[in-house]
Amino acid sequence: MRIVLLGPPGAGKGSLASLYRERLGAPHLSTGQIFREEIARNSPLGQRVKAYVTSGRLVPNNLVVEVMAKRLSGRGGSSRGFVLDGFPRTRAQAAGLDRVLRRHRQPLDGAVYLTSPTSLLVRRLSGRRVCARCGENYHVRTMRPKHLGRCDRCNGRLTTRKDDRLETIRKRLSIDRKAAAPLLAYYRQKGLLFPVNGAGHVETVYKRTLGLFRRQDWVN
Ligand code: AMP
């Protein structure tokens, strides 16, 4: 299956994409995770994107599309398809992604749009913890790790993302709201937009999306 996961910060894109990778074998590419890893390595790309990512502003479209074009041509863009999480975030990025996929003759199956009330997004983001090593997401109340402060997958240390502070959360949600309308319209026009109720536990939302994937014949 070849899908993009759309929805505001806190909609559950990362947690779901991680389950698709584990249970459906679908490669997961997260722009936010790629940027955080590059920042941690202090690479040239990391240095270019650091100020944007830590303050919650969007990285310029050209740079994001360039990074994702490379990843999709590499290992991430395999015959098993892909789940893109956090990309595209703007209409210009969606058009850029289409150009890349046309080159690879790999048309998108759909854009899955996770909807949630703002109060829930703020609660999820402010309680989120992330593995410093593999990027897996947890929540202090609703998705606890088996061992306090340690990642179930790789035993890495769990941390709070710098951009998950309350002022930055509000700013990110407002930036996302502005970019979302043209982005959603882009996929709606193409008949590729599939809204899914993203409220509830991750397992509940997983089941909802799996139902959609099966109805659409994207998975068995
Ligand atoms: P995320 O992990 O998806 O919440 O992304 C964290 C941060 O990375 C965002 O607040 C942006 O600064 C940057 N970022 C991630 N994906 C994109 C994108 N598609 N376009 C622009 N900036 C992005």
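Counting starts at 1 for both ligands and their atoms, following the listed order.
- The closest protein non-hydrogen atom to atom 12 (O) of ligand 1 is R57 O, 2.5 Å.
- Nearest to atom 1 (P) of ligand 1 by heavy atom, out of R89, K162, Q33, is R89.
- Looking only at side-chain heavy atoms (C-beta outward), D176 and P9 come within less than 4.5 Å of each other.
- Clustering of Ile, Leu, Val, Met, Phe, Trp and Tyr by side-chain heavy atoms under 4.5 Å joins L173 with L121, V122, L125, L166, I169.
- Atoms of ligand 1 found under 4.0 Å from any heavy atom of Q93, numbered from 1 in the order shown, are 18 (C), 19 (N), 20 (N), 21 (C).
- When each atom of ligand 1 is checked for a heavy atom of F35 under 4.0 Å away, the hits are 8 (O), 13 (C), 14 (N), 15 (C), 23 (C).
- Interface of G86 with ligand 1, defined as ligand atoms under 4.0 Å from a residue heavy atom, comprises 16 (N), 17 (C), 18 (C), 19 (N).
- For atom 6 (C) of ligand 1, the closest heavy atom belonging to the protein is R161 NH2, 3.5 Å.
- Y138 places a side-chain N or O within donor-acceptor distance of the main-chain N or O of D152, the cut-off being under 3.5 Å.
- Residues S43 and R41 have side chains that never bring a donor and an acceptor to within less than 3.5 angstrom of each other.
- The shortest side-chain heavy-atom distance between R177 and S174 falls under the 4.5 Å cut-off.
- Protein heavy atom nearest atom 16 (N) of ligand 1, with residue, atom name and distance: T31 OG1, 2.8 Å.
- Of all the atoms in ligand 1, the ones that sit under 4.0 Å from a non-hydrogen atom of L58 are 21 (C), 22 (N).
- Distances below 4.0 Å separate heavy atoms of R172 from the following atoms of ligand 1: 4 (O).
- With respect to atom 7 (C) of ligand 1, the closest heavy atom belonging to the protein is V53 CG1, 4.0 Å.
- Ligand 1 has no atom lying under 4.0 Å from any heavy atom of M68.
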Requested in this report: Give the intermediate values and the outcome of ring-ring contact (aromatic ring centres under 6.0 Å, His included) for residues Y20 and F213.
Outcome: CA-CA 11 Å; Y20 303 149; F213 300 166; 5.1 Å; yes
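- For ligand 1 and R36, the ligand atoms under 4.0 Å from any heavy atom of the residue are 2 (O), 6 (C).
- One N or O on the side chain of D109 and one on the backbone of R2 form a donor-acceptor pair closer than 3.5 Å.
- Annotation for ligand 1: atoms under 4.0 Å from non-hydrogen atoms of Y52 are 12 (O).
- Take H104 and apply the side-chain hydrogen bond (donor to acceptor under 3.5 Å, both in side chains) test, not counting sequence neighbours, and it matches S73.
- Considering backbone and side-chain N/O atoms, R128 never comes within less than 3.5 Å of an N/O atom of ligand 1.
- An N or O contact shorter than 3.5 Å is missing between D85 and ligand 1 by distance.
- With E38 contributing its side chain and I34 its backbone, the two residues share no donor-acceptor pair below 3.5 Å.
- Between V59 and ligand 1, a contact under 3.5 Å exists for at least one N or O pair.
- Ligand 1 lies nowhere less than 4.0 angstrom from a heavy atom belonging to K13.
- A side-chain donor-acceptor contact under 3.5 Å links R124 to the backbone of A11.
- Between the side chains of Y52 and D163, not a single donor N or O lies within less than 3.5 Å of an accepting N or O.
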